[in-house]
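Remarks on the structure that follows.
Note that the structure is a prediction, hence the values are computed from the model and not measured.
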Amino acid sequence: MEALLNRLEALLAENSIFTLQTLSYYGEGLVTTVQLVFLSLLIGLVAAVPLAIGRGAKRRLIKWPIFAYTYVFRGTPLLIQLYLIYYGVVFVDGIQDTWLWVLLKEPFVPALVAFTLNTAAYTTEIFHGAIKATPKGEIEAARAYGMSPTLTLRRIVIPSAFRRALPAYGNEVIFMLHASAIASVVTIMDLTGAARFVYARFYAPFDAFLFVAAIYLCLTFAILYLFRYLEKKLLAHLQPMA
């Protein structure tokens with residue numbers, strides 16, 4: 001490992017901007033960005049499934065609060081939501097005297113909350129639309145086999161809806177990756193924050209931001225490849241016969 005670092009340092013010896021130190025900032029930013037996006041998507045996905053089911057409920061007390069939540073978070077900019085959660089938490093009476101303040105005073109946690117609430121709202125609507133698009137024949141066949149509504153939902157509706165929602169959800173994952181660039185405005189050292197630091201130190205905007213754009217582009221292509229692979233496996237029955 002030391003030999004590899006020495007060789008890399010020798011290759012970068014004539015470059016005044018991209019040194020081992022600046023590359024380490026990009027590396028830390030990459031880890032922070034991946035953690036923030038992955039955790040927000042994971043928690044948002046887990047929350048979106050029951051919310052999507054409740055979104056289609058017949059009872060107004062269940063579906064209307066969920067509709068209001070998704071309407072607000074999809075209808076307002078993510079940056080505003082991030083500001084409200086990051087700066088607004090300090091105005092909650094007594095919050096600084098509780099154990100929550102240990103977590104909330106760090107910028108990563110408010111950013112995670114904002115990103116999770118935002119992606120959960122979009123994912124809820126994606127899954128709600130996919131659930132509504134479930135063919136009636138599949139539900140009637142489940143009833144004919146004697147399945148209860150709960151069992152039908154678990155074995156037929158949700159798996160079928162997930163396959164239909166996969167392309168749209170892939171776009172949501174890419175959107176969250178790109179939207180994570182705003183996390184640096186609340187002092188998080190993510191990829192964009194690392195690029196800003198390099199720019200401020202060397203006054204080289206093109207080098208700093210083009211490099212981070214290339215990293216985002218590579219991450220986007222990796223996500224596209226992953227979802228294309230999943231679509232090919234889970235939607236194989238829709239592929240044209242050779």
For residues [X] and [Y], determine if any side-chain heavy atom of one lies less than 4.5 Å from a side-chain heavy atom of the other.
{"X": "I223", "Y": "L177", "answer": "yes"}
{"X": "P107", "Y": "Y86", "answer": "yes"}
{"X": "S148", "Y": "L151", "answer": "yes"}
{"X": "D207", "Y": "V198", "answer": "no"}
{"X": "Y169", "Y": "F227", "answer": "yes"}
{"X": "P167", "Y": "E231", "answer": "yes"}

Counting only heavy atoms not in [X], do more than 12 sit closer than 6.0 Å to its [atom1] atom?
{"X": "R155", "atom1": "CZ", "value": "no"}
{"X": "I80", "atom1": "CD1", "value": "yes"}
{"X": "Y71", "atom1": "OH", "value": "no"}
{"X": "F73", "atom1": "CZ", "value": "yes"}

Polar side chain donor-acceptor pair, [X] to [Y], under 3.5 angstrom:
{"X": "E172", "Y": "T123", "result": "no"}
{"X": "T150", "Y": "R154", "result": "no"}
{"X": "T124", "Y": "Y69", "result": "no"}

Between [X] and [Y], which heavy-atom pair has the shortest distance, and what is it?
{"X": "D190", "Y": "S180", "answer": "OD2-O, 3.0 Å"}
{"X": "T192", "Y": "A181", "answer": "OG1-CB, 3.3 Å"}
{"X": "I126", "Y": "A165", "answer": "CG2-CB, 3.7 Å"}
{"X": "A195", "Y": "A208", "answer": "O-CB, 3.5 Å"}
{"X": "S160", "Y": "R164", "answer": "OG-NH1, 2.5 Å"}

Nearest 0.5 Å, please: how far is [atom2] in [Y] from [atom1] in [X]?
{"X": "R55", "Y": "I66", "atom1": "CZ", "atom2": "CD1", "answer": "8.5 Å"}
{"X": "Y229", "Y": "Y225", "atom1": "OH", "atom2": "OH", "answer": "7.5 Å"}
{"X": "F108", "Y": "L36", "atom1": "CZ", "atom2": "CG", "answer": "5.0 Å"}
{"X": "H178", "Y": "L217", "atom1": "NE2", "atom2": "CG", "answer": "8.0 Å"}
{"X": "L166", "Y": "L230", "atom1": "CG", "atom2": "CG", "answer": "5.5 Å"}
{"X": "L82", "Y": "I182", "atom1": "CG", "atom2": "CD1", "answer": "5.0 Å"}

Flag yes if [X] and [Y] sit in one hydrophobic cluster, no otherwise; membership is Ile, Leu, Val, Met, Phe, Trp, Tyr, and two members link when side-chain heavy atoms are under 4.5 Å apart.
{"X": "L79", "Y": "M176", "answer": "yes"}
{"X": "L226", "Y": "V34", "answer": "yes"}
{"X": "I188", "Y": "V31", "answer": "no"}

Only one of T152, I53, T134 passes side-chain contact (heavy atoms from CB on, under 4.5 Å) with I158, and that residue is I53
Mind checking whether Y203 and Y199 have parallel, tilted or perpendicular rings, split at 30° and 60°?
perpendicular
Once you measure the plane-to-plane angle for Y25 and F197, does it fall in the parallel (<30°), tilted (30-60°) or perpendicular (>60°) bin?
perpendicular
Per ring pair (Phe, Tyr, Trp, His ring centres under 6.0 Å), F211 is matched among Y216, Y26, F206 by Y26
Residues pairing under ring-ring contact (aromatic ring centres under 6.0 Å, His included) where one sits in residues 29-66, two or more places apart or in two chains, turn out to be W64-F67
**Request:** Test side-chain contact (heavy atoms from CB on, under 4.5 Å) on F115 and Q81 and set out the steps.
**Result:** CA-CA 9 Å; F115 278 63; Q81 298 166 18; over 6 Å; no
*Would you sort out whether F127 and L45 count as a side-chain contact (heavy atoms from CB on, under 4.5 Å), showing the intermediate values?*
CA-CA 10 Å; F127 283 176; L45 178 62; 3.4 Å; yes
**OP:** Take L30 and L219 through the test side-chain contact (heavy atoms from CB on, under 4.5 Å) and record every step on the way to the result.
**Re:** CA-CA 10 Å; L30 175 62; L219 292 174; 3.8 Å; yes
Could you walk me through whether T119 and Y122 satisfy the side-chain contact (heavy atoms from CB on, under 4.5 Å) test, starting with their C-alpha distance in whole Å, then the side-chain angles of each, then the deciding distance to 0.1 Å, before giving a yes or no? CA-CA 5 Å; T119 188; Y122 279 95; 5.5 Å; no
